[in-house]
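Below: the structure, in structure tokens.
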Amino acid sequence: MDKLFDFELTARLLELDFVLMALAAAAVLGLVAGALGPLIVMRRMSFAVHGTAELAFTGAAAALLLGIGVSYGALAGAVIAALLLGLLGGRESERDSVIGVILSFGLGLGVLLLWFYDGRSSNKFGILVGQIVAIEQQDLELLVGSAIVVLIVLSMIYRPLLFATVDPAVAMARGVPVRWLSPLFAVLVGIATALGVQIVGALLVVALMVTPAAAAARVTASPWRATVLAVVFAEAAALGGIVLSLAPGAPVSFFVTAISFTIYLVCRVIAYVRGRQRALRDLSGSDSPRAAAPSAR
């Protein structure tokens, strides 16, 4: 426990270049995840994010085997997964089954590719749970460039995408291109998912892509406010997770998921308290003499 809260050691580690690079990468990832998260929750794509992460894991494993950058492999795998999910899972009735098929195939293929890899076992473990020491300048540049593309495209399609998310039937009747918005958004989610592989790992990237947005949805019904809160929550989880993991040298993914889950629980409590207060106000209003007395004519 003393090692966990060793502030002096944490302060020294925060001066290292690879730690600063990891914090910069986490900040970018938190921004992208927070921007996409509310739409992911509203469109009920949490399971799709997990499926996309499995193909990102497969791409990262292939890149590790071929000796190229893990980030590039994860990005390629996630984009392929997003395209498959968008094209094969067009109907809502069959979407979950398509995700399950792709998820299981991707995970199995990734395990096989890691079995072929003869390098250090820490590299294999890092793909699953994140490895901040592996983030290099070229990885950060790829992450920033991909994040800029995602945010620009999202800003261009946000209004029609939100319309199609809230009421797809009316949006289609109004001429909104619903059919191509879904696969395009899936690709954006795939890119963002791939960005989180080296920080939180393929298994737990959902903690940044979904949990902050789910927490924000508990305390506000406004899409704009939910997006702002999701960004704040994702940044707190990503940056806080890295800082807390420095002194003990523990996996970043645990602290990221722990912070995200704590925020989610707090938001649920806030929503519960608000609901109780609203119910009491409604009850007291209905029981008041003025409300109960018949109107005099």
Side-chain angles (χ1 to χ4, degrees), residues 16-37 40 49 51-85 106 110 113-114 117 119-120 122-156 183-209 231 234-235 237-239 241-242 251-253 256:
L16 299 177
D17 291 338
F18 81 89
V19 175
L20 296 177
M21 197 168 300
L23 289 173
V28 175
L29 176 61
L31 176 61
V32 176
L36 293 174
I40 292 173
V49 172
T52 305
E54 301 305 333
L55 264 292
F57 158 71
T58 304
L64 195 63
L65 183 63
L66 296 174
I68 61 178
V70 171
S71 299
Y72 295 97
L75 185 59
V79 171
I80 292 174
L83 290 174
L84 289 175
L85 294 176
L113 293 174
L114 285 185
Y117 179 69
R120 293 183 302 171
S122 61
N123 292 334
K124 301 178 183 181
F125 188 67
I127 296 177
L128 296 173
V129 299
Q131 192 175 18
I132 61 172
V133 296
I135 299 177
E136 300 177 353
Q137 183 65 35
Q138 60 182 9
D139 298 319
L140 182 59
E141 292 173 356
L142 176 63
L143 192 151
V144 172
S146 301
I148 291 174
V149 172
V150 169
L151 294 176
I152 290 176
V153 175
L154 180 64
S155 66
M156 295 173 62
L184 178 58
F185 181 67
V187 171
L188 297 182
V189 172
I191 295 173
T193 302
L195 301 182
V197 169
Q198 281 192 292
I199 298 176
V200 293
L203 294 180
L204 301 173
V205 71
V206 178
L208 281 180
M209 296 296 298
V231 170
E235 294 285 2
L239 297 176
I242 290 178
V252 175
S253 52
V256 172

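We number each residue from 1, following the sequence as shown.
Closest non-hydrogen pair, Gly73 versus Ala63, comes out as CA-CB, 3.7 Å. For Leu23 against Leu239, the heavy-atom pair with the smallest separation is O-CD2, 3.3 Å. Ala53 and Val205 make their closest contact through CB-CG1, 3.5 Å (heavy atoms, listed as atom of the first residue, atom of the second, distance). When all heavy atoms of Ala192 and Leu29 are compared, the pair lying nearest together is O-CD1, 3.8 Å. When every heavy atom of Ala194 is checked against every heavy atom of Ala78, the shortest pair comes out as CB-CB, 3.7 Å. What you find for Ala237 and Leu208 is that their closest heavy atoms are CB-CD2, 4.0 Å.
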Please tabulate, one pair per line, all N/O donor-acceptor pairs under 3.5 Å involving side-chain atoms of residues 143-155, not counting sequence neighbours.
residue	atom	partner	partner atom	Å
Ser146	OG	Leu142	O	2.8
Ser155	OG	Leu151	O	3.3
Ser155	OG	Ile152	O	2.6

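Separation of atoms CG (Leu31) and CG (Leu195) is listed at 11.0 Å; rounding is to 0.5 Å. For the atom pair CG of Leu140 and CZ of Phe18, the computed distance is 14.5 Å after rounding to the nearest 0.5 Å.
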Handout entry: Worked check of side chain to side chain contact (heavy atoms under 4.5 Å, CB included) between Val49 and Ile40
Key = CA-CA 8 Å; Val49 172; Ile40 292 173; 3.8 Å; yes

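The main-chain N or O of Gly190 is never found under 3.5 Å from a side-chain atom of Thr52 such that the two would form a donor-acceptor pair.
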